[in-house]
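Worth saying up front: this structure is predicted, and the values here are computed from it rather than measured. Here is how names work: the chains are called A, B, and so on, in the same order as the sequence lines, proteins then strands, and each is numbered from 1. Both backbone and side-chain heavy atoms feed into the values below; hydrogens, waters and symmetry mates do not.
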There are 2 protein chains.
Amino acid sequence: MDAFAARGYNNASLAEIADRVGLTQAGVLHYFRSKSLLLTSVLELRDETDIEQLGTERPHGLEFLRHLVDTARRNAEREGIVRLYAVLSAESVTDDHPAQVYFRDRYAGLRAFVTDAVTEACGLDASDIRARTAANAVIAVMDGLQVQWLLEPGAVDMTASTGLVIDSILAGLRR
Amino acid sequence: MDAFAARGYNNASLAEIADRVGLTQAGVLHYFRSKSLLLTSVLELRDETDIEQLGTERPHGLEFLRHLVDTARRNAEREGIVRLYAVLSAESVTDDHPAQVYFRDRYAGLRAFVTDAVTEACGLDASDIRARTAANAVIAVMDGLQVQWLLEPGAVDMTASTGLVIDSILAGLRR
DNA sequence: GCACACCCACTGAACACTTAGTAAGTGGTC
DNA sequence: GACCACTTACTAAGTGTTCAGTGGGTGTGC
């Protein structure tokens, strides 16, 4: 995780990773057949532990959207994970990137989740595309803030900006 | 530009770039002393041509924010440039990336510009930090949408989502 | 005796960058 | 207009390094 976050997938080397876990390069490849399999395994593990932490109770509607602001707040304390996702999600749009499928699926799921929450929170019709437009914007703002924050932490308040966008959009859609 | 956009800085090779311009690898290094200098030159050239196109008249306040929505619309027709910035801005947060300074400066300038525009458009006090919070969010939403759009163009309407965020935030701040 | 968990030593490819050279042109001098 | 010194625009052939991945081991525990 740290290696991929600090250097991206392409520029991280198995030798460096092996070193940090006290193995040789060949030792790492004993467990993961290839570098790209290691990357997808790291991403899957990250998802699993996140889901475990979340528990079985998943908030809905407005509560879910408030939860996103909390996530932004918590993210400001977890630079490693933020960096991992910020770097890899953008790198994944390059040709033949091994995490491309992962991120496409991840965003599809996220969009569906947030769209539902917006629809519910604003009492919109399920066919109202404004919910999807809003959901995409909410996801985008969180991602975009991370890049700015990683480059210059003092210049960005992820919690405030995320909260402002969510509040403003909800207020607008409710009218 | 195409090479760095399609493969990122680290994974693009001078040999490939040389091939596409009909030179040898050494021929490219005759003009640009190093790969990282080539990257920064590409980014600077991009800025220069953008500034030339913009002309001398720069919109202010509300007009500038409307202009951002137009930019989002135009970007949907310029995948190459969108990819270049989306990939490189995120890659730049990795250790010792040659474009790190470029993007830090770029975001600092952008934040100042958009903050001024929001302040003016909403008639806020110059010291009101909500303008900066809003500006960061507007920039972030545009960046974040690009990554989603590059991964799955059909799933994202950059114009609509950008417009929604700007309109909602302005409406909220004006009250 | 067998399976697992590794390491050592290697391979071949790719990479950025260097060096030495060539061919074409440019400007000045006799 | 012939010669010369110098520059520019490259190329060919390297250099040393780094990389992911392989194959053949060896030790350890069951």
What's the CG-P distance between A/Asn10 and C/dA16, to the nearest Å? 12 Å
Check the distance between C/dA16's C1' and B/Leu39's CG and give it to me in whole angstrom. 15 Å
When rounded to whole Å, the CD to P distance for the pair A/Glu16 and D/dA20 reads 10 Å
Given D/dA12, D/dG21, C/dA16, identify the nucleotide with an atom nearest to the side chain of A/Lys35. D/dG21
Among the candidates D/dG21, D/dA12, D/dA9, find the nucleotide nearest to the side-chain atoms of A/Ser34. D/dG21
Does the pair A/Asp167/A/Arg66 count as a salt bridge with the N-to-O cut at 4.0 Å? yes
Answer yes when B/Arg111 and A/Glu152 have at least one side-chain N-carboxylate O distance shorter than 4.0 Å, and no when they do not. yes
Distance check needed: D/dA20 P versus A/His30 NE2, whole Å only. 19 Å
With respect to the side chain of B/Gln25, which nucleotide from D/dT22, D/dG14, C/dC8 is positioned closest? D/dG14
Would you indicate, yes or no, if D/dC19 has its OP1 or OP2 atom less than 4.0 angstrom from a side-chain nitrogen or oxygen of A/Ser13? yes
Find the distance A/Asp19:CG to D/dT18:P and express it as a whole number of Å. 13 Å
For B/Phe32 and D/dT8, what is the distance between atoms CZ and P respectively, to the nearest whole Å? 16 Å
d(CD1, B/Ile17; C1', C/dA16) in whole Å: 11 Å
Considering every strand and a 4.0 Å limit on heavy-atom distances, what is the contact class for A/Ala12: base, sugar-phosphate, or nothing? sugar-phosphate
Of A/Asn11 and A/Arg33, whose closest DNA chain D nucleotide lies nearer the 5' terminus? A/Asn11
Can you spot which of A/Val118, A/Thr115, A/Thr119 makes a side chain to side chain contact (heavy atoms under 4.5 Å, CB included) with A/Arg132? A/Thr115
note: A/Leu29, atom CG; C/dA9, atom P; distance rounded to Å ~ 18 Å
In terms of side-chain heavy atoms, does B/Asp47 have a donor or acceptor partner in B/Tyr102 at a distance below 3.5 Å? yes
Contact class for B/Leu14 vs. all strands (heavy atom < 4.0 Å): base, sugar-phosphate, or nothing? sugar-phosphate
Side-chain donor-acceptor pair under 3.5 Å between A/Tyr9 and B/Asn10, yes or no? no
